[in-house]
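All remarks here apply to the structure that follows.
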Amino acid sequence: MTDTTGADVELQPKKKGLTRRQKRSLSRGIQYVVFVAAVIAFAVAADWDRLQNQFAQKAIAEQMFPEVITLALKNTVLYTVSGFAVGLVLGMVIALMRLSSVGPYRWLAGVYIEIFRGLPALLIFIFIGVAVPLAFPGTEIPGGTYGKVALALGLVAAAYMAETIRAGIQAVPKGQMEAARSLGFSPARAMISIIIPQAFRIILPPLTNELVLLFKDSSLVLFLGVTLEERELSKFGRDLASQTANSTPILVAGLCYLLVTIPLGFVVRRMEAKAQEAVK
């Protein structure tokens, strides 16, 4: 081939690199190889006999039943459900205060959310178990340990639920409120009958995820001091681990947590998928 000046020009083949899809496939393949290599290395290096002796003693695991289900798991579920109920009610009130046109209400709700989202849940449990009796001598929280756990978990959960509920209410189109008002609804009735039900359909997945988090946080009940009949999974497993000088009870307690958290996690993902499909 000749150029405009008549000189011969030698054609050079263009170098072809990997396409974007090929690069992604190569990167994914490398990650799989690294993961498999890490698993193999762990399997080869681990001392499975010692792990079995410490965490998988069948005789010790059998001693935990049926109390681990009928007592520990039952108490864990009761603590979680009661804390979730308190948190939901309190969170609804705080969310409405945050959306209020009254300045002091918004300020109080904002302070509450910032404080209880910033403090570790452990400190809230210690505060309920120690500070409240000292500040108010002779005062008993209704429900005993169950009431204390419900209050502690509820105070923590309410701060997160309030923001979730607020976001859900604000996500409802403003036309819904205007339409309700045009039909003669008062602002309060329109909020309760029209806006809040629609908001809950939006925020149901994150609220369910909050339930999973509360289920795990219920293990902090041990800092309140509980009787043998009030133990939850974590306390139950730790006590038996100390008695047997073996960690099998802790492993069994962990598996019981997974019996609840894995199905709940699956439910959350299904609800999120349905919510995305509804948006599309």
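Counting from 1, the numbers follow the sequence of the chain as shown.
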- Task: Determine whether Leu88 and Val81 fall in the same hydrophobic cluster, where Ile, Leu, Val, Met, Phe, Trp and Tyr are linked whenever their side-chain heavy atoms lie under 4.5 Å apart.
- Result: yes
- Item | Closest non-hydrogen atom pair between Cys256 and Ile69, with its separation | SG-CD1, 4.1 Å
- Message: Please check this pair: side chain of Ser182 against backbone of Ala179, looking for a donor-acceptor N/O pair closer than 3.5 Å.
- Response: yes
- Query: Roughly how far apart are Leu71 CG and Leu228 CG, rounded to 0.5 Å?
  - Reply: 8.5 Å
- With distance as the sole test, does Asn209 use its side chain to make a donor-acceptor pair with the main-chain N or O of Pro205 at under 3.5 Å? no
- Message: Measuring only between side-chain heavy atoms, which start at C-beta, is Glu230 closer than 4.5 Å to Leu224?
- Response: no
- Task: Measure across Gly87 and Ala157 and return the closest heavy-atom pair with its distance rounded to 0.1 Å.
- Result: CA-CB, 4.3 Å
- One should read off an interatomic distance between Glu229 CD and Glu67 CD, to the nearest 0.5 angstrom, of 9.5 Å
- Task: Applying side chain to side chain contact (heavy atoms under 4.5 Å, CB included), run through Val260 and Leu73 and close with a yes or a no.
- Result: CA-CA 9 Å; Val260 176; Leu73 182 58; 4.1 Å; yes
- Message: For a 4.5 angstrom cut-off between non-hydrogen side-chain atoms, does Ile124 reach Leu220?
- Response: no
- Taking all heavy atoms of Phe55 and all of Asn246, pick out the closest pair and write down the distance. N-OD1, 4.3 Å
- Task: Could you label the plane-to-plane angle of the Tyr79 and Tyr146 rings as parallel, tilted or perpendicular, counting under 30° as parallel and over 60° as perpendicular?
- Result: tilted
- Can you tell me how far CD1 of Ile203 sits from CD1 of Ile165, rounded to the nearest 0.5 angstrom? 5.0 Å
- Item | Pairwise distance OG1(Thr164) to CD1(Ile202) - rounded to 0.5 angstrom | 12.0 Å
- How about Tyr112: does its OH atom have over 12 heavy atoms from other parts shown lying under 6.0 Å from it? yes
- Can you name the nearest heavy-atom pair linking Thr248 to Ala56, along with the distance? OG1-N, 3.3 Å
- State, yes or no, whether a side-chain contact exists between Val111 and Trp107 at a heavy-atom distance under 4.5 Å. yes
- Query: From Leu26 CG over to Gln31 CD, what is the distance, rounded to the nearest 0.5 angstrom?
  - Reply: 10.0 Å
- Message: Closer than 3.5 angstrom, by distance alone: can the side chain of Glu232 be matched with the main-chain N or O of Lys235 as a donor-acceptor pair?
- Response: yes
- Among the clusters formed by ILVMFWY side chains lying less than 4.5 Å apart, do Phe236 and Ile250 turn up in the same one? no
- Within a strict 4.5 Å, meaning less than it, do heavy atoms of the Tyr257 and Ser234 side chains meet? yes
- Going hydrophobic residue to hydrophobic residue with side-chain gaps under 4.5 angstrom, can you get from Leu264 over to Leu153? yes
- Item | Short side-chain to backbone donor-acceptor contact, Arg117 and Tyr160, under 3.5 Å | no
- Message: I need the single residue from Leu233, Val226, Asn75 that forms a side-chain contact (heavy atoms from CB on, under 4.5 Å) with Val221. Which is it?
- Response: Val226
- Message: Contact between Phe125 and Val156 at the side-chain level, heavy atoms closer than 4.5 Å - yes or no?
- Response: no
- Query: Can Ile169 and Met191 be said to form a side chain to side chain contact (heavy atoms under 4.5 Å, CB included), step by step?
  - Reply: CA-CA 9 Å; Ile169 292 174; Met191 178 65 71; 4.2 Å; yes
- Task: Determine, step by step, whether Lys216 and Leu213 satisfy the side chain to side chain contact (heavy atoms under 4.5 Å, CB included) criterion, reporting the C-alpha distance in whole Å, the side-chain angles of both residues, the deciding distance to 0.1 Å, and the verdict.
- Result: CA-CA 5 Å; Lys216 295 184 293 184; Leu213 296 177; 4.1 Å; yes
- When you measure from the side chain of Gln198 to the backbone N and O of Ile194, does any donor-acceptor pair fall under 3.5 Å? yes
- Query: Which pair of heavy atoms, one from Val86 and one from Gly154, lies closest together, and at what distance?
  - Reply: CG1-CA, 3.9 Å
- Query: Taking atom OG1 of Thr76 and atom CG of Leu214, what is their separation to the nearest 0.5 Å?
  - Reply: 12.5 Å
- Could you tell me which non-hydrogen atom of Ala180 sits nearest to which non-hydrogen atom of Ala190, and how far apart they are? CB-CB, 3.7 Å
- Message: Do Thr70 and Phe65 have side chains that approach each other closer than 4.5 Å (heavy atoms only, starting at C-beta)?
- Response: no
- Message: As a quick check of understanding, evaluate salt bridge (Lys or Arg N to Asp or Glu O under 4.0 Å) for Glu163 and Arg98, giving each step before the final call.
- Response: CA-CA 9 Å; Glu163 287 294 88; Arg98 192 73 185 269; 3.0 Å; yes
- Task: Would you sort out whether Gln57 and Thr244 count as a side chain to side chain contact (heavy atoms under 4.5 Å, CB included), showing the intermediate values?
- Result: CA-CA 11 Å; Gln57 289 293 324; Thr244 60; over 6 Å; no
- Message: Tell me whether Met161 shares a hydrophobic cluster with Ile196, the cluster being built from Ile, Leu, Val, Met, Phe, Trp, Tyr side chains joined at under 4.5 Å.
- Response: yes
- Message: Hydrophobic cluster membership, with links at side-chain heavy-atom distances under 4.5 Å among I/L/V/M/F/W/Y: are Phe200 and Val212 in one?
- Response: yes
- Message: Are Leu155 and Ile128 packed together at the side-chain level, in the sense that at least one heavy-atom pair is separated by less than 4.5 angstrom?
- Response: yes
- Task: Give a yes or no on whether the backbone of Leu96 and the side-chain of Ser100 come within a donor-acceptor separation of less than 3.5 Å.
- Result: no
- Beyond-backbone contact of Lys23 with Arg20, side-chain heavy atoms, under 4.5 angstrom: no
